[in-house]
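For reference, the structure discussed in these notes is given below.
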Amino acid sequence: MKLQLKLMASVALLACAGGAMAEDLIVKIGHVGPTSGGIAHLGKDNELGARYAIDELNAKGVVIGGKKAHFELLAEDDAGDPKQGTAAATKLVDAKVNGVIGHLNSGTTIPASKIYSDAGIPQISPSATNPKYTRNGYKTAFRVVADDVHLGGTLGRYAVTDLHGKNIVVIDDRTAYGQGVADEFEKGVKSSGGKVVGREFTNDKATDFTAILTSLKAKKPDLVFFGGMDAVAGPMLRQMKQLGIDAKFMGGDGICTAELPKLAAGTMGDGQVVCAEAGGVDGEFKQGMETFRTKFKDKYKVEVQIYAPYVYDAVNVMVAAMVKAGSADPAKYLSVLAKTEGYKGVTGNISFDAKGDLKNGALTLFTFKNGTRDQLAVVH
């Protein structure tokens, strides 16, 4: 009888333990970025930003709707390829994720956004800047950085008014991001009274630019703008040097990375490159960003590339909406997420407009000196 009572007590205890475990709410957060291919260093940076946020949230013991939440990161690689991007999106939808952070590139984010929209799953991109992403009318699409209209236009105006570019040439890599930012740059140049004397294009896998650079050299450019990523910009800078093209080199956030000096293999002159990053902190947020960068390096033994802080904020904004809604069900927290106003993130105040775009998005202008990024200004 005693043995039977002991067994019954053990079963009861196990049932209680199982009940307690069942009370925990499992929240699956998807992340997609190019963790293989030419810009894998940027994709891995994004993924680490997500892991950092998830680790912190689990350590805090976040409660959603009266249940302790346990967060799981489901990370997918899209290799910067639209087809792989939609496949990754479908996989996350099938896994019934509660929300998605990503993708990194506009070219993968835009086609994937329809899949998330059809499934009703909120998506926050930390880095896709093509305006089309939030202009398709999908209620599930958000971003925490300024778009290319703002970024490209600002760079175009800066090229004319501050850098006094007279003979400006433009090259893009024909991706949604590269062509989009180059188009907006050209508009910014023209609106400031400047002149684009040549326009050429390449692709995001190219390594030889001799033909297009030789063609552009005849235009005697004093400023070259490249719409694309650092993996292409580095070799392009090397070949400009070989061909004797002594011009300023500009680009968007795709080239504005810690890797660019290495990819250019010592051919960059001090102050030659001017680039802008979608986002930027000044004033009260500066110390918080420095602290984040230090802690990130301590945790992962690598420097922040670009977007890790924006990914970190995107995860936290999404979870804050779940907490406020009292539910991790996309159908229940989506409307709360859309009304996000004045969330104080590492990257600044985050509020979304009716399209899901960041309100009053900042840009940071940088140059490079002695192989290190040097901030020029934060522009709102």
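This one's a predicted model, so the numbers in the text were calculated from it and none came from an experiment.
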Taking every non-hydrogen atom, the tightest pair across Tyr307 and Pro126: CD2-O, 3.8 Å
Shortest non-hydrogen contact from His103 toward Gly85: CE1-O, 3.3 Å
Main-chain N/O of Met289 paired with Arg293 side-chain donor or acceptor, under 3.5 Å: no
Heavy-atom closest pair, residues Ser117 and Thr140: CA-OG1, 3.3 Å
Closest heavy-atom pair and its distance - Val62, Val319: CG1-CG1, 4.3 Å
Side chain to side chain donor-acceptor pair (under 3.5 Å) contacts touching residues 84-102 (sequence neighbours left out): Glu76-Lys91
Arg143 side chain vs Gly356 backbone, donor-acceptor pair below 3.5 Å: no
Heavy atoms from other residues, nucleotides or ligands near CG of Asn360 exceed 12 (cutoff 6.0 Å): no
Salt bridge Glu56-Lys295, side-chain N to carboxylate O under 4.0 Å: no
Pairing residues for Ser215 by the side chain to side chain donor-acceptor pair (under 3.5 Å) criterion, not counting sequence neighbours: Glu200
Flag, side chain of Asp147 to backbone of Asn130, donor-acceptor distance under 3.5 Å: no
Asp353 (side chain) donor-acceptor with Lys359 (main chain) under 3.5 angstrom: no
Basic-acidic side-chain contact under 4.0 Å: Arg135, Asp357: yes
Electrostatic pair Lys220-Asp222, nearest N-O below 4.0 angstrom: no
Pair Tyr138 and Tyr116, ring centroids less than 6.0 Å apart: no
Carboxylate-amine/guanidinium contact Asp118 Lys114, below 4.0 Å: yes
Donor-acceptor contact present, side-chain Glu186 to main-chain Val170, <3.5 Å: no
Backbone of Lys301 reached by a side-chain donor or acceptor of Asp298 within 3.5 Å: no
Lys299 with Asp55: basic N within carboxylate O range, under 4.0 Å: yes
Lys139: partners by salt bridge (charged side-chain N to carboxylate O under 4.0 Å, His left out), with sequence neighbours left out: none
Residue Phe201 excluded, over 12 heavy atoms near CZ under 6.0 Å: no
Minimal non-hydrogen separation, Met318 against Gly99, with atom names: SD-CA, 3.7 Å
Step-by-step ring-ring contact (aromatic ring centres under 6.0 Å, His included) determination, Tyr52 to Phe292: CA-CA 10 Å; Tyr52 191 166; Phe292 176 88; 5.2 Å; yes
Donor-acceptor contact present, side-chain Asn203 to main-chain Lys205, <3.5 Å: yes
Cluster link Ile171 to Phe209, ILVMFWY, side chain under 4.5 Å: yes
Straight-line distance of Phe249 CZ to Cys275 SG, nearest 0.5 Å: 10.0 Å
Ile110 reachable from Phe142 in the ILVMFWY side-chain graph, under 4.5 Å edges: no
Donor-acceptor under 3.5 Å (Thr367 side chain, Val274 main chain): no
Sole residue of Ile54, Val100, Leu57 in side-chain contact (heavy atoms from CB on, under 4.5 Å) with Ile29: Ile54
